[in-house]
Engineer: 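To start, I am sharing the structure in question, which I have written as structure tokens.
Note that the structure is predicted; figures quoted are calculated from it, not measured.
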Amino acid sequence: MSDSKTDYRATLNLPDTPFPMRGDLPKREPGWVKQWEDEGLYKRLRDARKGRQKFVLHDGPPYANGAIHMGHAVNKILKDMIVKSRQLKGLDAAYIPGWDCHGLPIENAIEKKFGRNLPRDEMQAKSRAFATEQIDLQRAGFKRLGVLGDWDHPYKTMEFVTEANEIRAFKRVIERGFVYRGLKPVYWCFDCGSSLAEFEIEYADKKSQTLDVGFLANDPAALAKAFGLPQLPKAQDAFVVIWTTTAWTIPANQALNLNPELDYSLVDTSRGYLVLASTLVEKCLERFHMQGGTVVATVKGQALDALEFRHPLYDVNDAYKRLSPVYLADYATAEDGTGIVHSSPAYGLDDFNSCIAHGVKYDDILNPVQGNGSYAADFALFGGQNIWKAVPAIIETLEKAGRLFATAPIQHSYPHCWRHKSPVIYRAAAQWFVRMDEGEGVFTRDKAPATLRQMALAAIEETGFFPENGRARLRDMIAGRPDWCISRQRSWGVPLPFFLHRDTHELHPKTMEILDIAADMVQAGGIEAWSKATPEGILAKVGAAADAAQYNKSTDILEVWFDSGTTHTTVLKGSHAGAGHDTGPEADLYLEGHDQHRGWFHSSLLTACAMYGRAPYRGLLTHGFTVDSQGRKMSKSLGNGIEPQETWNKLGAEIIRLWVAASDYSGDIAGDDKILARVVDAYRRIRNTLRFLLANVSDFDPAKDAVPVGEMLEIDRYAMSRASQFQAEVLAHYEVYEFHPVVSKLQVYCSEDLGAFYLDVLKDRLYTTAPKSHARRSAQTALWNITHAMLRWMAPFLSFTAEEAWKVFGTSDSIFIEEYAELGSPDEALLAKWNRIREIRDAANKEIEAVRAEGKVGSSLQATLRVTAPEGDLALLRSLEDDLKFIFIVSAAQLQDVAGSELQVQVVPSHDTKCERCWHWRADVGSDPAHPEICDRCVSNLYGAGENRKHA
């Protein structure tokens with residue numbers, strides 16, 4: 001009986017799976033997010049790893065202000081990938097997300113909405129409500145990105161217990177001898193209305209006006225004597241000339257600084273005698289538009305010590321009738337200007353230190369600039385004027401007084417507020433500091449064995465850095481940083497719970513007990529409880545109610561970096577101890593952008609070293625900023641950013657995740673529509689490979705159908721070994737937090753190891769052999785194991801896709817509960833053998849393609865190969881016996897009996913008949929009269945014992 005009408009396609013084992021080809025990510029992903037939340041997946045992950053070794057990635061809290069941007073997405077996805085990879089390793093990898101809730105940005109938002117000068121209680125209430133809203137907004141965004149964590153129980157720096165624990169941490173820093181109060185110039189932002197820490201400063205170009213200003217010698221005879229002259233040769237004025245870029249500081253000048261080792265010259269000019277650094281005389285005279293100045297005498301700066309000069313406005317207003325003495329200081333250099341530095345000690349750290357070292361009292365330091373950026377109202381000549389706007393008036397006044405020698409605009413690098421992007425100044429203010437070096441602290445009870453700088457530098461050497469260059473960056477910052485100003489003059493933050501004597505400004509003798517009471521009050525009622533409490537009520541708790549008349553309750557708060565900088569103790573072993581974060585102050589990893597070397601990494605290191613003498617982290621990982629394809633930082637003003645919300649609505653959050661994973665985060669991370677389009681292509685290739693795997697094991701039950709490794713076909717054992725080898729590479733990368741090599745290698749693995757080779761070879765066996773045959777079950781065993789492994793490899797970054805596939809393929813509730821697959825050790829000899837076979841196959845494919853291009857054959861199955869090769873290669877190919885043709889995907893492969901000196905492949909078109917079922921061209925097609933359109937092996941596979949396959 002003829003079967004000429006048989007539909008042979010229906011007899012093939014064609015792949016089938018409910019896992020769709022199209023991801024349709026924007027529509028499907030929200031469903032996964034909801035399902036994970038409804039099913040309590042995070043808690044189930046914790047239950048699955050209960051009792052296992054912990055891995056703690058402590059979350060650097062984003063600021064609770066505004067919808068998440070792509071920088072947030074990069075940061076949170078990196079953290080999520082690391083936590084998931086450690087979870088799959090079998091560790092108890094908890095993730096407690098957090099938020100930074102206090103500080104200026106929220107106060108500014110409230111002031112914009114409700115106006116300035118709100119009562120403290122109202123500012124705090126509105127700020128707390130605003131932060132709560134922002135947290136809910138950002139939390140929804142992070143969940144949408146597929147980030148798994150304890151979203152129902154995050155830590156917030158504004159939680160009462162966290163606020164209270166911060167006060168307790170502050171008390172410990174005091175006990176260790178690091179806290180003191182001092183008058184000192186600190187960075188001050190007029191927009192913030194508060195002092196700033198070193199790591200809240202960034203540098204940007206600023207346009208300023210340079211000034212060369214003359215200070216008239218008060219005693220010309222003393223000046224002449226200092227230069228070794230009996231008197232000045234001419235009866236004319238003599239000046240020290242200074243150069244500055246901060247004209248606004250001139251009215252507050254109190255001294256002049258010269259370098260004792262530099263040479264200074266007395267120069268006779270048309271304007272009188274000028275004292276200038278000798279090496280700068282020519283440049284200065286040119287700048288002053290003076291011709292023919294003559295050097296009268298030259299001495300070392302040491303000789304000019306203690307000379308006095310009149311303030312430039314001495315003759316303009318009686319308020320300026322004061323003298324500026326010369327103080328010797330190394331920071332005066334001859335690199336630019338005049339070699340002489342004018343000193344306004346309230347507005348420069350070096351100036352301040354120099355004046356204090358030379359006996360100037362704190363109370364004598366002039367500090368007319370107010371916190372809002374204006375001179376005090378009663379300040380002579382310039383009262384009430386904004387300092388930046390007053391510069392033209394100052395220049396004009398100096399010029400009229402005959403004290404201006406030159407002025408010119410300059411573009412220079414200048415410190416700006418990190419938040420407001422506005423220029424800041426140094427401004428002397430009574431502040432609280434954490435001391436970096438030797439010195440006395442207030443209420444020291446358990447003095448640290450070393451300075452904070454020494455401990456922090458030692459801790460850096462004990463920390464792992466990813467990438468390693470972060471070590472030098474943090475080390476340099478710690479090595480050169482000044483004392484840390486930790487007080488702020490704001491409302492929305494954790495209080496500095498101090499009482500200061502109204503006359504002496506000394507702390508109350510029961511300060512340490514007051515700190516304990518403050519912590520308890522705040523834990524019960526938040527920072528608002530402390531703010532609302534009366535001095536009498538608080539002091540009564542320490543038996544000192546009568547002192548309320550002599551002591552003022554401080555209204556300062558701890559700066560926000562102290563908030564986040566102490567979360568290692570307030571969260572890791574405080575508010576979230578028992579939630580996976582109870583290992584003490586050390587976390588396995590802190591991960592943030594590289595700007596946090598001066599921010600959270602920095603403040604966390606200092607507080608932990610102050611409290612415990614060690615870093616709070618074992619490892620630090622830093623990532624770059626998000627930039628466009630031209631390397632420009634993404635910003636709304638440039639309009640060059642890609643927003644996560646727009647991207648996940650259009651392409652899916654999975655594409656954002658894959659983009660992050662595929663990027664080398666050690667540098668800046670470039671993204672735009674074209675880059676994301678390439679990521680989409682990469683995603684499709686991976687998804688298509690995964691779909692093929694799933695489709696071809698849909699009828700495979702490993703409990704009944706799995707073939708023992710020793711009985712598997714050789715190419716299947718090779719594929720298993722290659723998967724084992726690849727998994728070792730993947731896990732090695734994950735161990736050091738590397739993702740972009742994994743993504744790159746996975747794409748190559750899918751396209752070359754699987755798509756272009758193993759799966760290509762396998763299709764014939766999967767489709768044409770009997771469904772339950774040993775040959776097909778061997779292939780399915782390999783595919784089943786590879787699929788298990790691959791889903792785990794990709795789960796940390798392609799989380800939605802891996803979970804979607806797991807619902808089709810897996811047996812447990814979630815891929816994330818699983819651990820990395822057990823693939824056994826790779827067979828190195830087998831890998832070497834088949835790697836060479838693949839090289840030979842690649843060479844053969846080139847020859848086949850050439851013949852196809854000539855139109856001599858259609859598909860490769862129409863070809864017969866005749867192969868000549870060196871003896872070693874021939875032995876490899878002979879070992880495959882009759883399965884060799886399946887490797888080359890040709891209908892016949894013939895090995896020449898005589899070994900050649902090099903590999904040669906001849907492609908000959910087949911003159912046999914094409915089998916309608918397997919499409920091989922074979923001489924035995926139709927040899928069975930009952931099945932005239934198919935070959936003998938198809939007849940056997942369909943109706944007989946099935947073909948015998950050993951190798952492929």
Side-chain angles (χ1 to χ4, degrees), residues 15 17-37 39 41 45 73 76-78 80-85 87-88 143-148 644 647-663 676-698 726-727 730 734 739-740 742-751 754-755 759 783-784 786-818 820-821:
T17 177
F19 184 77
M21 182 179 296
R22 289 177 57 84
D24 211 3
L25 299 173
K27 292 183 179 178
R28 288 188 179 142
E29 287 171 346
W32 288 110
V33 172
K34 185 176 186 304
Q35 184 173 330
W36 288 339
E37 192 166 2
E39 295 178 356
L41 175 59
L45 296 182
K76 276 294 192 286
I77 289 170
L78 278 173
D80 188 55
M81 293 191 300
I82 288 172
V83 170
K84 284 173 178 170
S85 67
Q87 174 82 13
L88 286 160
K143 287 181 181 180
R144 179 63 185 84
L145 290 169
V147 178
L148 294 178
T647 303
W648 70 50
N649 285 333
K650 181 180 177 182
L651 303 175
E654 198 81 315
I655 302 306
I656 303 176
R657 296 183 66 93
L658 185 56
W659 166 63
V660 173
S663 301
L676 290 179
R678 293 197 293 270
V679 175
V680 170
D681 288 341
Y683 173 78
R684 286 173 179 154
R685 288 194 293 272
I686 294 172
R687 185 180 182 94
N688 287 341
T689 301
L690 181 58
R691 186 171 187 274
F692 182 92
L693 295 172
L694 293 171
N696 279 284
V697 293
S698 59
F726 184 74
Q727 176 162 284
V730 168
Y734 280 162
F739 297 97
H740 71 281
V742 174
V743 175
S744 176
K745 291 180 178 181
L746 182 61
Q747 291 182 73
V748 173
Y749 179 78
C750 287
S751 63
L754 295 181
L759 302 183
L783 293 183
W784 186 85
I786 290 170
T787 306
H788 263 285
M790 184 171 164
L791 287 176
R792 291 157 172 80
W793 302 336
M794 59 190 277
F797 51 92
L798 291 178
S799 295
F800 291 111
T801 305
E803 188 79 323
E804 180 188 3
W806 186 254
K807 293 298 182 183
V808 172
F809 177 73
T811 54
S812 66
D813 290 339
S814 171
I815 184 65
F816 305 112
I817 290 175
E818 299 297 311
Y820 293 119

Engineer: Please check if atom NZ in Lys34 has more than 12 non-hydrogen atoms from other residues, nucleotides or ligands closer than 6.0 Å.
Structural biologist: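 No, NZ of Lys34 has 12 or fewer neighbouring heavy atoms, counting only those of other groups under 6.0 Å.
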
Engineer: Between Val697 and Thr17, is there a side-chain heavy-atom distance shorter than 4.5 Å?
Structural biologist: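 Not in contact.
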
Engineer: May I ask you to test the Met790-Ile686 pair for a side-chain heavy-atom distance under 4.5 Å?
Structural biologist: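 They are in contact (side-chain heavy atoms under 4.5 Å apart), so the answer is yes.
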
Engineer: Restricting to non-hydrogen atoms, name the atom on Gly146 and the atom on Asp80 that form the minimum distance, rounded to 0.1 Å.
Structural biologist: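 So the two residues come closest at O-OD2, 3.3 Å.
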
Engineer: Please answer whether the main-chain N or O of Ala821 pairs with a side-chain N or O of Gln727 as donor and acceptor at a distance below 3.5 Å.
Structural biologist: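 Yes, the answer is positive, given that a donor and an acceptor are paired below the 3.5 Å cut-off.
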
Engineer: Taking Met21's backbone N and O only, do any of them form a donor-acceptor pair with Arg687's side chain (distance below 3.5 Å, no angle check)?
Structural biologist: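 Yes, Arg687 side chain to Met21 backbone: donor-acceptor pair under 3.5 Å.
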
Engineer: Sub-3.5 Å donor-acceptor pair from the side chain of Ser85 to the main-chain atoms of Met81, do we have one?
Structural biologist: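 Indeed, once roles are kept as given, a pair shorter than 3.5 Å links the two residues.
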
Engineer: To the nearest 0.5 angstrom, please state how far the CH2 atom of Trp32 sits from the CD atom of Glu39.
Structural biologist: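 CD of Glu39 is found 8.5 Å from CH2 of Trp32.
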
Engineer: If we only count heavy atoms from C-beta on, is the Lys650 to Pro26 side-chain gap below 4.5 Å?
Structural biologist: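 They are not in contact (no side-chain heavy atoms under 4.5 Å apart), so the answer is no.
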
Engineer: Atom NZ in Lys76, atom CD1 in Ile656: separation rounded to 0.5 Å?
Structural biologist: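 One finds 14.5 Å between NZ of Lys76 and CD1 of Ile656.
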
Engineer: Assess whether side chain to side chain contact (heavy atoms under 4.5 Å, CB included) is satisfied between Leu658 and Val680, documenting all intermediate values.
Structural biologist: CA-CA 9 Å; Leu658 185 56; Val680 170; over 6 Å; no

Engineer: Assess whether side chain to side chain contact (heavy atoms under 4.5 Å, CB included) is satisfied between Phe797 and His740, documenting all intermediate values.
Structural biologist: CA-CA 10 Å; Phe797 51 92; His740 71 281; over 6 Å; no

Engineer: Do side-chain atoms of Glu803 reach the backbone of Ile815 as a donor and acceptor pair under 3.5 angstrom?
Structural biologist: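 Indeed, once roles are kept as given, a pair shorter than 3.5 Å links the two residues.
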
Engineer: With rounding to the nearest 0.5 Å, note down the distance linking NZ in Lys27 to CG in Asn649.
Structural biologist: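 Between Lys27 NZ and Asn649 CG, I get 12.5 Å after rounding to 0.5 Å.
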
Engineer: Run Leu25 and Tyr683 through side chain to side chain contact (heavy atoms under 4.5 Å, CB included) and show every step you take.
Structural biologist: CA-CA 11 Å; Leu25 299 173; Tyr683 173 78; 3.5 Å; yes

Engineer: Under the side chain to side chain contact (heavy atoms under 4.5 Å, CB included) criterion, do Gln87 and Leu45 qualify, and how do the steps go?
Structural biologist: CA-CA 8 Å; Gln87 174 82 13; Leu45 296 182; 3.7 Å; yes

Engineer: Under 6.0 Å between the ring centres of Phe800 and Trp36?
Structural biologist: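 Centroid separation for Phe800 and Trp36: below 6.0 Å.
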
Engineer: With rounding to the nearest 0.5 angstrom, report the OG to CG distance, Ser751 to Leu746.
Structural biologist: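 Answer for the OG-CG pair, Ser751 versus Leu746, is 9.5 Å.
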
Engineer: For residues Trp793 and His788, establish whether the separation of their ring centroids is below 6.0 Å.
Structural biologist: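 Trp793 vs His788: aromatic centres not under 6.0 Å.
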
Engineer: Can you name the closest pair of heavy atoms from Pro20 and Arg691 and give their distance?
Structural biologist: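 Pro20 and Arg691 have their closest heavy atoms at C-NE, 3.6 Å.
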
Engineer: Could you check whether Asp681 pairs with Arg684 (Lys NZ or Arg NE/NH1/NH2 to Asp/Glu carboxylate O, under 4.0 Å)?
Structural biologist: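 A salt bridge is present here (some side-chain N lies under 4.0 Å from a carboxylate O).
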
Engineer: Consider side chain to side chain contact (heavy atoms under 4.5 Å, CB included). Of Leu690, Leu783, Thr689, which one does Leu754 pass it with?
Structural biologist: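 In the set Leu690, Leu783, Thr689, the residue that makes a side chain to side chain contact (heavy atoms under 4.5 Å, CB included) with Leu754 is Thr689.
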
Engineer: What's the separation between atom NZ in Lys745 and atom SG in Cys750, rounded to the nearest 0.5 Å?
Structural biologist: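 Answer rounded to 0.5 Å: 14.5 Å.
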
Engineer: Do side-chain atoms of Arg657 reach the backbone of Ile77 as a donor and acceptor pair under 3.5 angstrom?
Structural biologist: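 Answer holds: no.
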
Engineer: Do you know the tightest heavy-atom contact between Trp806 and Thr811?
Structural biologist: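 Scanning both residues, the minimum pair turns out to be CZ2-N, 3.8 Å.
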
Engineer: Which heavy-atom pair separates Leu791 from Ala802 by the least distance, and what is that distance?
Structural biologist: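 Closest heavy-atom pair between Leu791 and Ala802: O-CB, 3.8 Å.
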
Engineer: Could you check Glu29, Glu804, Lys84 and say which one makes a side-chain hydrogen bond (donor to acceptor under 3.5 Å, both in side chains) with Ser799?
Structural biologist: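 It is Lys84; the other options fail the test.
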
Engineer: Specify whether Tyr749 and Phe726 have parallel, tilted or perpendicular ring planes, treating 30° as the upper limit for parallel and 60° as the lower limit for perpendicular.
Structural biologist: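 Plane angle under 30°, so parallel.
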
Engineer: How many angstroms lie between atom OH of Tyr734 and atom CD1 of Ile82, to the nearest 0.5 angstrom?
Structural biologist: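 The OH atom of Tyr734 sits 11.0 Å away from the CD1 atom of Ile82.
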
Engineer: Give a yes or no answer on whether the side chain of Glu654 reaches the backbone of Thr801 with a donor-acceptor pair at less than 3.5 Å.
Structural biologist: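 Judged by distance alone, yes, a pair lies under 3.5 Å.
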
